[in-house]
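What follows is a single structure, written as structure tokens, with notes after it.
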Amino acid sequence: MSDPRILSLRPDPGEYAWTFGGVPPVARIAPGTVLDLYTEDCFAGRVRSEKDLVSEVCEFPFLNPQTGPFHIEGAEPGDTVAVHFVSIEPARDWAASTTVPLFGALTSTHTTATLQPPLPETVWIWQLDLERRTALFQARESDLRLELPLDPMHGTVGVAPANLEVRSALVPDAHGGNMDTPEMRTGVTCYLGVNVEGALLSLGDGHARQGEGETCGVAVECAMRTTVIVELLKGVETPWPRLESDTHIISTGSARPLEDAFRTSQLDLVRWLVRDYGFSELDAYQFATQAAESPLANVCDTNYTCVAKLRKDWLPARETHRGVHAHLRETAVALRH
């Protein structure tokens with residue numbers, strides 16, 4: 001096997017993308033390229049202490065900067081881009097989280113309007129121990145200190161939307177975007193349907209860890225050094241973002257209300273079983289009903305995101321997405337050695 005092409009990119013502060021679509025590519029890459037990337041946190045690195053309130057140091061809508069987009073040579077509508085996460089590592093020994101007025105699942109919001117006043121802005125700075133693989137929670141209103149394991153992930157991965165749309169990097173939808181699922185971690189392959197020539201792939205919004213649902217709307221937000229391998233599957237359609245790990249196949253759905261996000265993820269999983277695993281539609285519906293796991297990704301973004309996942313060892317031994325996940329895993333192992 002020939003050595004893969006490697007492109008390294010650390011954007012300058014003015015070189016990040018804030019939308020999917022409507023942004024010229026920063027580079028053209030061939031399928032099989034390894035991207036060695038730096039991504040900034042969702043605050044563009046401006047929340048650095050407990051005194052740095054988002055409302056004072058950040059300017060809406062310039063939140064959630066993305067590294068990219070990358071034009072993938074040969075990508076056309078009807079194809080699928082496969083993005084395999086070789087490694088996701090925090091670029092700093094600290095991360096930030098916060099409450100944001102009128103944002104989050106347990107507060108009044110602009111779309112769930114009530115007479116309640118907004119929650120106060122409060123910032124938590126998490127100390128990251130990269131050797132011990134821990135994130136330290138320090139309470140603001142007591143002396144409580146608790147450690148959680150690091151579980152680095154990317155909240156935002158996506159391509160340009162269809163139909164000439166330009167979407168904020170804060171929005172998840174069929175193009176990917178701000179899905180905020182903890183499933184997007186090292187060792188996973190993400191499949192994204194191509195909507196425009198070149199696909200225009202971007203990623204960002206690194207989280208040192210995040211609970212399912214991202215309840216307050218903000219994870220342990222962290223700059224990342226991330227390595228991915230990008231591959232192209234010609235003639236393979238992927239209507240909603242899918243993920244594949246060594247153990248699971250995973251469908252996503254993003255919408256409001258929450259039950260529609262749930263329905264979309266479950267329907268995509270059923271159709272995946274029909275296409276690649278030999279099920280009829282009704283058999284797939286029954287099997288997924290009894291076997292699927294359904295974790296929440298986020299219940300705070302412009303659209304909510306649900307996940308539907310199935311264990312591979314419960315499925316027939318069939319190849320999905322032309323076996324690209326296994327191939328990219330082998331490439332990733334070779335890169336690490």
Side-chain angles (χ1 to χ4, degrees), residues 1-11 17 20 25-39 66-76 79-91 151-160 175-177 179 181-195 197-207 223-238 241-250 252 276 312 319-337:
M1 184 190 333
S2 60
D3 292 334
R5 291 161 289 243
I6 299 176
L7 173 64
S8 297
L9 181 64
R10 176 166 180 155
F20 287 90
V26 297
R28 296 175 68 97
I29 63 171
T33 298
V34 176
L35 297 177
D36 176 23
L37 304 177
Y38 178 91
T39 66
Q66 301 298 301
T67 298
F70 298 93
H71 179 111
I72 301 162
E73 294 174 355
E76 302 172 299
D79 298 339
T80 289
V81 169
V83 183
H84 182 79
F85 288 89
V86 178
S87 65
I88 307 172
E89 287 297 315
D151 189 8
M153 52 163 281
H154 272 279
T156 307
V157 184
V159 294
H175 68 283
M179 296 177 285
T181 172
E183 305 287 349
M184 200 78 70
R185 54 171 65 94
T186 295
V188 163
T189 302
C190 176
Y191 302 110
L192 298 162
V194 177
N195 302 302
E197 182 183 354
L200 300 181
L201 169 72
S202 301
L203 69 157
D205 192 25
H207 299 170
M224 290 291 179
R225 293 188 178 93
T226 294
T227 301
V228 299
I229 311 169
V230 181
E231 195 51 87
L232 179 64
L233 300 176
K234 294 293 295 179
V236 175
E237 293 188 352
T238 302
R242 293 175 176 174
L243 292 81
E244 183 180 356
S245 70
D246 291 345
T247 58
H248 289 77
I249 62 169
I250 305 164
T252 70
D276 290 354
K312 286 182 173 180
E319 185 178 87
T320 184
H321 288 85
R322 297 179 181 165
V324 73
H325 172 74
H327 167 68
L328 294 179
R329 283 287 275 161
E330 291 177 2
T331 305
V333 170
L335 282 172
R336 286 194 288 266
H337 293 85

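Under a 3.5 Å cut-off, the side chain of E244 and the backbone N or O of T189 do not form any donor-acceptor pair. Using a distance-only test at 3.5 Å, with no hydrogens or angles considered, a donor-acceptor pair links the side chain of T252 to the main chain of P241. A donor-acceptor distance shorter than 3.5 angstrom exists from the side chain of R5 to the backbone of P31, with no hydrogens or angles considered. In this structure a side-chain-to-backbone donor-acceptor pair under 3.5 Å is missing from R10 to R225. Looking at R322, its side chain does come within 3.5 Å of a backbone N or O of K234 through a donor-acceptor pair. A donor-acceptor pair under 3.5 Å is formed between the side chain of S245 and the backbone N or O of H248.
In this structure, F20 and N195 have side chains that are not in contact, with every pair of non-hydrogen atoms separated by 4.5 Å or more. Side-chain contact between H327 and R329 is absent, with no heavy atoms from C-beta onward closer than 4.5 Å. Inter-residue side-chain proximity for V34 and L335 is flagged as met; some heavy-atom pair is nearer than 4.5 Å. M224 has its side chain within reach of P90: a pair of non-hydrogen atoms, C-beta onward, lies under 4.5 Å apart.
More than 12 heavy atoms of other residues, nucleotides or ligands lie within 6.0 Å of CD in E73, so this atom counts as buried by the packing criterion. Counting non-hydrogen atoms of other residues, nucleotides and ligands closer than 6.0 Å to CD of E237 gives a total of 12 or fewer.
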If you apply the rule side-chain contact (heavy atoms from CB on, under 4.5 Å), what do you find for V228 with F70, and how did you get there?
CA-CA 12 Å; V228 299; F70 298 93; over 6 Å; no
Given the rule in the side-chain contact (heavy atoms from CB on, under 4.5 Å) test, do L9 and L35 qualify, once you have shown the distances and angles that lead to the verdict?
CA-CA 8 Å; L9 181 64; L35 297 177; over 6 Å; no
Using the rule given for side-chain contact (heavy atoms from CB on, under 4.5 Å), can you reason through V159 versus V194, listing the C-alpha separation, both sets of side-chain angles and the distance that settles it, and then say yes or no?
CA-CA 7 Å; V159 294; V194 177; 5.8 Å; no
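Side-chain contact annotation: H154 with T226, donor-acceptor N/O pair under 3.5 Å present. Side chains of D246 and H325: a donor on one and an acceptor on the other come within 3.5 Å.
Expressed to the nearest 0.5 Å, how far CG of L232 lies from OG1 of T33 amounts to 11.0 Å. Interatomic distance, CG of L37 versus OG of S8, reported as 8.0 Å (0.5 Å rounding). Taking NE2 of H175 as the start and OG of S202 as the end, the distance is 9.5 Å to the nearest 0.5 Å. One finds the CG atom of D79 at 10.0 Å from the CD1 atom of I72 (value rounded to the nearest 0.5 Å). Note that CD1 of I249 and OG1 of T320 are 6.5 Å apart. Values are rounded to the nearest 0.5 Å. Taking OG1 of T67 as the start and CG of L201 as the end, the distance is 10.5 Å to the nearest 0.5 Å.
Of all heavy-atom pairs between V236 and H321, the closest is CG1-CD2, 4.2 Å. Residues G155 and H207 approach most closely at CA-CE1, 4.1 Å, considering heavy atoms. Closest approach of Y191 and T238 over heavy atoms only: O-CG2, 3.8 Å. For L200 against P25, the heavy-atom pair with the smallest separation is CD2-CB, 4.1 Å. M184 and V157 get closest at one heavy-atom pair: CG-CG2, 4.0 Å. Residues V81 and A199 share a closest heavy-atom pair of CG2-CB, 3.7 Å.
If you run side chain to side chain contact (heavy atoms under 4.5 Å, CB included) between T227 and each of I88, V86, T186, only V86 comes through.
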